[in-house]
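Order of the sequence lines sets the chain letters (A, B, ...), proteins ahead of strands, with each chain counted from 1.
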Protein chains: 2
Amino acid sequence: MRVNLERILEEAGGLANRRGLDGLSMNDLAQALNIRTPSLYSHVAGIEAVKRLLALHGLAELDAMMSRVTIGKSGPDAVRALLNAYRGFARKNPGIYAATIPTPPRSDREWSSAVDRLMDTLHASLQAYGLQGAEIIHALRGLRSLVHGFVSLEASGALKHPVDRDESFDWLVESFLAALEKMAAPLRAKQTGRTRA
Amino acid sequence: MRVNLERILEEAGGLANRRGLDGLSMNDLAQALNIRTPSLYSHVAGIEAVKRLLALHGLAELDAMMSRVTIGKSGPDAVRALLNAYRGFARKNPGIYAATIPTPPRSDREWSSAVDRLMDTLHASLQAYGLQGAEIIHALRGLRSLVHGFVSLEASGALKHPVDRDESFDWLVESFLAALEKMAAPLRAKQTGRTRA
DNA sequence: TTGACAAAACTAATATGATTAGGAAATATA
DNA sequence: TATATTTCCTAATCATATTAGTTTTGTCAA
């Protein structure tokens, strides 16, 4: 069977998930595809290009998943669903998830757009809170920090205490939701004509 | 001047901070020390050993700093000081900070203890909230997730919106403090003899 | 002071991974 | 079917990590 980008993505994803993104090498990838290493260069520019493909793929899949699980939900329900799905993806695909983390170079429009699309989806899940201006950015950054932080600590084996990690994650999510609620409350009061004391 | 562990740590730290932990190589390190690469092996077992040294150094320094900035503080003041100092360290020493992230192998007592000591210090900063059982772990994991998440997104250049990052960090910290407060409140009520409705 | 021992440094060599050069084979297309 | 393109190959280069074996240097006691 001929090698094509689809198969490269498939094998690279598998290897990255099994051995870690850093463990992914052109040699192993070529071997998995039954060709010699230099032949890979007919398809991709190098190892960085392979990781970029993984990033594009991962970002698209994450975005699709985030959109899917938040359909018909809003407010806390949407955010909860999104965060749980995000964590689920990272746990199922640690290597691919790791590939989605680096910031693309400014010059790479395709990659940058993929990141932007995911950010837009995260942003959309916060819509119902009606946040204004900088608060939206704070909330979005908070959401990203918390989920990325938890998920990467979890992946690295840093959360080794016997206490259930699902519970800890739930606690963190609920804390975040409470903070959103608190930030949204005064806005809602204003919108409905009520004023604060 | 003769090479010793202190100089190795110094140069390795500088290189890691400037070029990133992944960019740190035995070649560059040897060059910085004015010796040939194989000569390094008289002092350290290999590149992994160098990174381990960086981790030990970073963990110790981080721990010392966390202890220092929380002296005489408790509750929200302690946690605020600690989180700001943590972020400050990671920003000033991105390479060394990165070295502190991996989880040590179980067999490495010295490294494991260094991690444990830092965890104990973080834990101590939460004392005043009087949390019970699993809640302590949830809070500790939340604290680690949030600060590690924010700091690593910041370091990777992922927070590129013009909105001030300090403000976003403050928002995140205050959100976390509010969650701690909320979790601690019922406990306090119980302790002072009051009961909930 | 000197001679022996250990530490630190060196050269040479090996292994692995990424990559380039240049050509052969397979495939698609005019 | 002839030709152009794509895919793959072998051979070679370069960088990094590491080991082997040897020389230099520093230390310390006789």
For this session: Classify the nucleic acid contact of A:S42 as base, sugar-phosphate or nothing, counting any heavy atom under 4.0 Å across all strands shown.
Result: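 Counting heavy atoms under 4.0 Å across all strands, the contact made by A:S42 includes a base.
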For this session: With B:R87 as the cation and B:F150 as the aromatic partner, state whether NZ or CZ is under 6.0 Å from the six-membered ring centre and within 45° of the axis.
Result: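 The answer is no; the distance or angle limit is not met.
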Round to the nearest Å and state the distance from [X] atom [atom1] to [N] atom [atom2].
X	N	atom1	atom2	result
B:I47	D:dT19	CD1	C1'	16 Å
B:L40	D:dA17	CG	P	10 Å
A:N4	D:dT6	CG	C1'	13 Å
B:Y41	C:dA15	OH	P	15 Å
B:R2	D:dT24	CZ	P	15 Å
B:N27	C:dG17	CG	P	17 Å
A:N34	C:dA26	CG	P	16 Å
B:R36	C:dA12	CZ	C1'	12 Å

For this session: Flag yes if more than 12 heavy atoms outside B:R36 fall under 6.0 Å of its CZ atom; otherwise flag no.
Result: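 No, the 6.0 Å shell around CZ holds no more than 12 heavy atoms from other groups.
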Exercise. Taking everything shown except B:R109 itself, do over 12 heavy atoms lie less than 6.0 Å from its CZ?
Worked result: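 At most 12 heavy atoms, drawn from other residues, nucleotides or ligands, come within 6.0 Å of this atom.
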Exercise. Between D:dT7 and A:S39, is there an OP1 or OP2 to side-chain N/O distance shorter than 4.0 Å?
Worked result: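 Checking A:S39 against D:dT7: no side-chain N or O falls below 4.0 Å of OP1 or OP2.
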For this session: Look at A:H43 and D:dC8 and indicate whether a side-chain polar atom (N or O) is within less than 4.0 Å of OP1 or OP2.
Result: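 Affirmative; the distance criterion is met.
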Exercise. Which nucleotide, D:dC8, C:dT19, D:dT18, lies nearest any side-chain atom of B:M26?
Worked result: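 When the side chain of B:M26 is considered, D:dT18 is the closest of D:dC8, C:dT19, D:dT18.
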For this session: Select one nucleotide: of C:dT19, D:dT16, D:dT19, the one nearest the side-chain heavy atoms of B:S25.
Result: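 Looking only at heavy atoms from C-beta outward on B:S25, the closest nucleotide is D:dT16.
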For this session: Look up atom CZ in B:R144 and atom CG in B:L140, then write down how far apart they are to the nearest 0.5 Å.
Result: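 That separation rounds to 6.5 Å.
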